[in-house]
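First the structure, in the form of structure tokens, and then the observations on it.
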Amino acid sequence: MKNQSVTNNLDWISVVIYIILVIMGWLNIYSSSLSSIEQETSIFDFSQIYGKQFLFILFSIPIIFIVLSIDAKFYEKYSSIIFAIALISLAGLFLFGKTIAGQRCWYAIGSFTLQPSEFAKAATSLALAKYLSDVQVNLKDFNRQVQAMIIIFLPVMLILPQPDPGSALIYTVFILVLYREGLPSWYVWTGFIAIVLFVLALIIKPLPLIGIALAAILFVYYRSRIIDRNWILSSIILVCISGYVFSVDYVFENVFKQHHRDRFNILLGKEVDMKGVGYNTNQSEIAIGSGGWFGKGYLEGTQTKGGFVPEQHTDYIFTTVGEEWGFTGSLFVIALFVILIIRIIYLAERQKTKFSRVYGYCVAGILFIHFFVNIAMVVGVFPTIGVPLPFFSYGGSGLWGFTILLFIFLKMDANKVNEW
């Protein structure tokens with residue numbers, strides 16, 4: 001079969017959404033970067049945040065052309081090497097990394113910095129897709145489950161000590177990809193229940209919570225068919241839950257850092273510190289709420305212009321959307337992300353190779369968890385952990401990492417006409 005042009009088969013719906021998100025992201029970065037006395041300034045002032053982001057966007061164009069010009073089979077053939085390079089780059093931070101705000105997450109290149117964890121997401125997606133596309137891999141096999149988990153948690157173990165819990169959290173979404181490919185559902189349910197129990201244990205005393213767990217186990221036990229009842233398994237589950245619940249307080253007080261504890265306490269309503277750790281979240285809620293239905297107008301946000309929301313151009317960029325574009329503009333941005341994610345899932349399902357399909361689901365999962373956690377964070381329903389909004393938040397590494405992640409998949413999708 002004769003190879004067809006990439007541009008002819010490229011999914012232009014995804015490309016157009018990508019372009020709109022990047023442009024809207026830059027417009028909001030420009031707005032959030034201007035103070036009340038800087039209403040007139042050139043977009044080409046590269047000493048400013050918006051000028052640097054403009055350069056990052058320009059550099060994204062050759063990156064896209066390079067990604068699309070490489071043969072689609074290259075990403076599958078050399079996925080292990082790409083993954084190994086990503087791990088080495090993460091490990092190298094401990095020797096050569098630059099520390100910013102207590103985090104050793106960047107390599108300094110002149111006046112710019114590069115964050116390898118942003119590129120490791122695509123590398124891990126490729127490695128996991130390659131492993132799962134092996135004809136002998138069956139995720140019902142425990143050994144295969146362990147091997148897949150090792151691929152996911154290797155970069156996590158290098159990211160957590162930086163410390164960068166936000167980036168590490170992103171990798172949990174790969175569990176859903178494994179579930180899509182045959183991982184037993186109890187893994188997902190166990191993870192979900194563990195999260196719920198952890199939060200509840202911070203609110204409710206251990207003994208009442210264990211009593212609730214016992215009641216739930218007894219309910220399930222007696223609702224099951226007699227042949228399916230297993231009192232030994234039920235007892236083991238109760239013991240595990242009890243031990244887990246009693247350990248939450250120790251983990252919270254001795255493993256979590258103080259600023260993590262403060263953020264959880266603010267979220268759960270156990271502390272009210274509007275001038276301290278709760279300041280960012282409180283100001284972001286005020287900014288978003290003040291936008292009303294249609295916003296105050298572009299470059300007219302008083303909270304934005306007053307600089308009340310710290311780091312608004314990065315993790316809190318959505319507050320600018322809420323204040324200046326209002327509920328309508330916020331809904332439009334959310335709709336763009338939802339359409340893009342659904343589109344990627346649709347494209348993943350129609351792939352002719354398992355490798356491309358799994359990678360597509362990894363892309364959709366990463367974009368979803370970034371989008372969901374960031375929005376939840378700025379509206380105050382999730383702790384502040386430093387998760388950027390894809391294509392919106394300031395940063396070259398983030399923009400390039402997401403661009404590479406997306407366009408590798410679009411290259412695979414464009415190449416499916418050449419697959420047997």
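Because the structure is predicted, anything quoted here is derived from the model rather than measured.
Applying the ring pair (Phe, Tyr, Trp, His ring centres under 6.0 Å) test to Phe371 and every residue at least two apart in sequence or in another chain returns Phe337. Scanning for salt bridge (charged side-chain N to carboxylate O under 4.0 Å, His left out) contacts around Arg104 gives an empty result, with sequence neighbours left out.
Judged by distance alone, with hydrogens and angles left aside, the side-chain atoms of Thr328 form a donor-acceptor pair with the main-chain N or O of Trp293 at under 3.5 Å. Between the side chain of Gln351 and the main chain of Leu347, a donor-acceptor pair closer than 3.5 Å is present. Of the possible polar contacts, one joining the Thr172 side chain to the Leu169 backbone as a donor-acceptor pair under 3.5 Å is found.
More than 12 heavy-atom neighbours from other residues, nucleotides or ligands sit within 6.0 angstrom of CZ on Phe94. Atom OH of Tyr107 sits in a crowded spot, with more than 12 heavy atoms from other residues, nucleotides or ligands closer than 6.0 Å. The local environment of OH in Tyr244 is crowded, with over 12 non-hydrogen atoms from other residues, nucleotides or ligands closer than 6.0 Å. The number of heavy-atom neighbours closer than 6.0 Å to CZ of Phe65, taken from other residues, nucleotides and ligands shown, is 12 or below. When the shell of 6.0 Å around OH of Tyr179 is examined, it contains 12 or fewer heavy atoms from other residues, nucleotides or ligands.
Between the CD atom in Glu323 and the OH atom in Tyr298 there is a gap of 13.0 Å [rounded to 0.5 Å]. The CZ atom of Phe174 sits 13.0 Å away from the CD atom of Glu181 when rounded to the nearest 0.5 Å. Here the straight-line distance linking atom CD1 of Ile109 with atom NZ of Lys98 works out to 11.0 Å at 0.5 Å rounding. In this structure, CH2 in Trp26 is found 9.5 Å from CD1 in Ile29, a value given to the nearest 0.5 Å. In this structure, CD1 in Ile212 is found 12.0 Å from CD1 in Ile217, a value given to the nearest 0.5 Å. Between Ile64 atom CD1 and Lys411 atom NZ the span is 13.5 Å, to the nearest 0.5 Å.
Of the residues listed (Leu21, Val15, Val22), the one engaging Ile19 in a side-chain contact (heavy atoms from CB on, under 4.5 Å) is Val15, and it is the only one.
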ask   = Given Met24 and Val321, is the side-chain contact (heavy atoms from CB on, under 4.5 Å) satisfied, shown in steps?
value = CA-CA 9 Å; Met24 290 190 67; Val321 179; 5.7 Å; no
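Aromatic ring pairs are classed by plane angle as parallel below 30°, tilted from 30° to 60° and perpendicular above 60°; the pair Tyr359 and Phe355 is parallel.
Residues Trp400 and Phe56 place their aromatic rings such that the two centres sit under 6.0 Å apart. The ring of Tyr18 has its center closer than 6.0 angstrom to the ring center of Phe391.
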